[in-house]
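Proteins come first, then strands; the chains are lettered A, B, ... in the order of their sequence lines, and each starts at number 1. Any value given below was found using the heavy atoms of this structure, including those in side chains, with hydrogens, waters and symmetry copies removed.
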Amino acid sequence: MTSISLSEQEVIRRNSLLRLRELGIDPYPAAEYPVNCSVSEIHSGFSEELKNFNEVCIAGRLMTQRIMGKASFAELQDSTGRIQLYITRDEICPGEDKTFYNEVFKKLLDIGDIIGVKGYVFITQMGEITVHVQELTLLNKSLRPLPVVKEKDGMTFDAFTDVEQRYRMRYVDLIVNPQNRDVFVKRTKIISTMREMFNEYGFLEVETPILQPIPGGAAARPFITHHNTLDIPLYLRIANELYLKKLIVGGFDGVYEFAKDFRNEGMDRTHNPEFTVLEIYVAFKDYFWMMNFTEKLVERVALALHGSTRVQIGEQEVDFKAPYPRVTMIEAIKTHTGYDISGMDENRLREICDRLGIETNPGMGKGKLIDQIFGEKCEHHYIQPTFIIDYPVEMSPLTKKHRSNPELTERFELMVFGKELANAYSELNDPLDQRERFEEQLRLSEKGDDEAMFIDHDFLRALEFGMPPTSGMGIGIDRLTMFMTNQLSIQDVLFFPQMKPETGKSGTISAADEFSSLGIPEQWSEVLGKLGYSSLARLKEVDKYTRLHQELCGYNKKNKLGLTNPSQDEVKAWLEQLD
RNA sequence: GACUCAGUAGCUCAGCUGGUAGAGCACAUCCCUUUUAAGGAUGGGGUCCUGGGUCCGAAUCCCAGCUGGGUCACCA
């Protein structure tokens with residue numbers, strides 16, 4: 001049964017598994033295990049005087065074993081924490097037969113196995129709260145060795161830190177790096193706090209299509225797929241904005257959705273191809289109302305997570321206490337560049353960009369140029385939460401024009417730590433204006449702007465039926481989580497960040513797979529890999545099958561694999577198949 | 001996409017002015033038997049990411065590739 005591609009430790013664990021079965025112990029029992037409390041409940045509730053917790057039943061992963069003679073210590077980790085176990089031979093083996101302690105517990109159990117124990121809680125001479133085990137049940141045999149991380153006085157030893165492995169095997173990361181679990185618990189808390197507030201306001205949580213015939217609502221490259229029955233292309237949504245507004249047209253006063261969006265663009269520390277956005281639309285409100293709402297929301301999230309509005313992000317302390325300053329985009333640019341760009345045309349703006357040393361290209365319109373100046377010269381200054389308001393009309397095709405200046409729109413972005421956290425508008429509900437804006441987008445895209453939006457005719461039709469004045473807002477949940485948990489990489493707030501697929505450890509594995517697909521038995525395919533035949537081509541270079549036969553048998557003998565040697569004819573047949 | 005750093009035992013890492021592959025933890029065997037990151041002794045375990053080159057000889061030097069990190073660009 002043993003495969004030579006397994007490490008020594010894996011082989012030992014598989015052998016332990018067989019031995020457990022021999023002893024009549026099911027390593028993967030089906031029955032429910034009746035846990036009656038958690039590790040953290042014991043830690044917080046145990047009192048030596050009360051002698052409570054005298055019949056606990058807990059389950060979790062075995063994380064350390066300190067084996068001595070008749071008595072041993074171990075640590076068990078459940079979802080709430082770790083606790084020490086005290087195990088004595090005669091207590092878990094009351095009769096004559098001490099096999100369960102001497103062999104099963106001491107030898108056949110390993111770090112990483114999932115066990116359940118029953119017993120009572122006491123405090124050891126060293127002062128540690130410990131479960132005195134009276135009964136131990138194996139619930140799952142672990143076949144791969146876990147990295148062993150140790151800790152003492154806040155110092156961590158041999159931590160499992162390789163980021164690639166942590167992301168690819170998040171399960172291992174979560175087991176051995178409990179501090180990383182906390183980020184994900186907080187992420188869920190952020191979402192539930194927001195949902196709680198939306199529901200208090202009476203807004204309706206909804207779901208809208210992820211597969212869309214037109215990827216609208218934002219400007220980004222979509223993922224494309226195909227529906228076989230309808231025989232049409234479908235896109236994974238890049239936003240859900242237009243669908244939510246259609247629901248406002250339909251008569252709902254407030255709708256929101258925590259949505260996964262997908263964008264087929266570059267990946268870096270702050271971008272993952274799929275990401276989560278909260279979008280909310282509220283009828284009869286404007287962007288001023290939405291600013292008040294947003295700052296209350298963000299403040300509430302900070303309080304729910306930290307009990308304080310002050311949050312450490314990198315080197316900075318950010319205070320999420322509402323209200324936040326409101327700065328128009330034109331003011332912001334004036335403050336940080338000295339230029340007042342109000343009323344400037346495209347050429348003047350391009351001139352300013354040149355003077356500021358900002359690169360431009362001819363495809364950039366007025367809006368894009370202003371956006372560029374803001375992004376280069378202003379954005380990074382806004383560490384504390386700040387609303388930047390009144391964006392130029394060219395860069396906001398779904399936003400209502402400003403009530404007192406037709407060059408601008410009623411739009412705000414919430415900047416935190418020099419980055420955009422939220423984006424909101426007084427929604428454009430004039431169907432004719434909306435149609436013109438879409439057509440302007442079309443012209444931009446013809447001019448070479450590949451970010452310009454697609455036109456959604458059904459959305460225009462909906463607006464023609466009439467949408468009440470509405471304000472909408474979107475928050476990047478991944479980014480919010482990064483801020484609230486002080487993580488600098490989006491990969492650290494996603495359980496399973498997108499990675500290039502693993503291609504096997506090396507050519508050997510795939511070569512072995514190729515060999516075995518040709519009918520060479522799996523074990524011998526692996527031996528061939530070990531012998532350096534890393535591809536079919538290499539194997540084809542073998543001129544004498546007798547020599548290959550000898551190599552194989554020699555390897556088997558030398559490494560004590562215990563395989564049955566193939567006959568010379570078999571080896572000859574393998575090679576003949578290659579031709 | 002460009003530049004840059006890294007890839008060695010299950011994990012963390014050393015070795016890198018080329019000369020037989022190392023440590024700690026983990027694992028195995030034995031001793032000890034109420035310990036606390038680690039009790040003691042002994043031992044097993046490696047395609048040094050892959051492929052090519054230089055060389056008598058490459059983990060080490062050179063080239064190409066793969067994967068990951070960082071910076072920038074693109075992108076909200």
Restricting both atoms to N or O, compile the protein contacts to nucleotides 40-42 of chain B shorter than 3.5 Å, with distance only.
none

Can you tell me how far [atom2] of [N] sits from [atom1] of [X], to the nearest Å?
{"X": "A:Arg166", "N": "B:C11", "atom1": "CZ", "atom2": "C1'", "result": "14 Å"}
{"X": "A:Asp268", "N": "B:A2", "atom1": "CG", "atom2": "C1'", "result": "15 Å"}
{"X": "A:Asn102", "N": "B:U33", "atom1": "CG", "atom2": "P", "result": "15 Å"}
{"X": "A:Ile238", "N": "B:A76", "atom1": "CD1", "atom2": "P", "result": "9 Å"}
{"X": "A:Glu274", "N": "B:C75", "atom1": "CD", "atom2": "P", "result": "23 Å"}
{"X": "A:Arg269", "N": "B:A73", "atom1": "CZ", "atom2": "C1'", "result": "15 Å"}
{"X": "A:Arg82", "N": "B:A37", "atom1": "CZ", "atom2": "P", "result": "12 Å"}

Separation between the P atoms of B:A2 and B:A9, rounded to whole Å: 30 Å

Rounded distance in Å between the C1' positions of B:A6 and B:U50: 16 Å

Among A:Arg187, A:Gln487, A:His271, side-chain hydrogen bond (donor to acceptor under 3.5 Å, both in side chains) partner for A:Asp478: A:Arg187

Any donor-acceptor pair under 3.5 Å from A:Glu410 side chain to A:Tyr287 backbone: no

Residues A:Glu379, A:Lys419; criterion salt bridge (Lys or Arg N to Asp or Glu O under 4.0 Å); working and verdict: CA-CA 7 Å; A:Glu379 199 172 58; A:Lys419 311 216 164 61; over 6 Å; no

Regarding [X], tell me which of base, sugar-phosphate or nothing describes its non-hydrogen contacts under 4.0 Å with the strands shown.
{"X": "A:Arg168", "result": "sugar-phosphate"}
{"X": "A:Gln9", "result": "base"}
{"X": "A:Thr64", "result": "nothing"}
{"X": "A:Phe73", "result": "base"}
{"X": "A:Glu420", "result": "base"}
{"X": "A:Gln65", "result": "nothing"}
{"X": "A:Arg13", "result": "nothing"}

Counting just side-chain N and O atoms, does [X] come under 4.0 Å of either OP1 or OP2 of [N]?
{"X": "A:Arg66", "N": "B:U34", "answer": "no"}
{"X": "A:Lys70", "N": "B:U33", "answer": "no"}
{"X": "A:Gln84", "N": "B:U35", "answer": "no"}
{"X": "A:Lys150", "N": "B:C11", "answer": "no"}
{"X": "A:Arg221", "N": "B:C74", "answer": "no"}

Worked verdict on A:Glu75 versus A:Arg66 for side-chain contact (heavy atoms from CB on, under 4.5 Å): CA-CA 9 Å; A:Glu75 275 180 77; A:Arg66 291 185 285 276; 3.8 Å; yes

A:Phe495 six-ring centre to A:Arg170 NZ/CZ under 6.0 Å and within 45° of normal: no

From CA spacing to verdict: side-chain contact (heavy atoms from CB on, under 4.5 Å), A:Ile123, A:Ile129: CA-CA 5 Å; A:Ile123 295 190; A:Ile129 293 176; 4.1 Å; yes

side-chain contact (heavy atoms from CB on, under 4.5 Å) assessment of A:Glu420 paired with A:Glu413: CA-CA 6 Å; A:Glu420 173 201 338; A:Glu413 289 192 355; 3.6 Å; yes

Distance-only side-chain donor-acceptor flag, A:Asp268 / A:Thr270, under 3.5 Å: yes

Any side-chain donor near an acceptor of the partner, A:Arg82 and A:Gln77, under 3.5 Å: yes

Nucleotide opposite B:C75 in a Watson-Crick or G-U pair, distances under 3.5 Å: none

Pairs under 3.5 Å (N/O, protein and nucleotides 28-30 of chain B):
none

Close approaches to RNA chain B from residues 477-490 of chain A, in residue order (heavy atom, under 4.0 Å): none

Side chain to side chain contact (heavy atoms under 4.5 Å, CB included) partner of A:Asp173, the single match among A:Thr161, A:Asn180, A:Val163: A:Asn180

Nucleotide nearest A:Glu265 (side chain, heavy atoms from C-beta), chosen from B:G69, B:C11, B:C75: B:C75

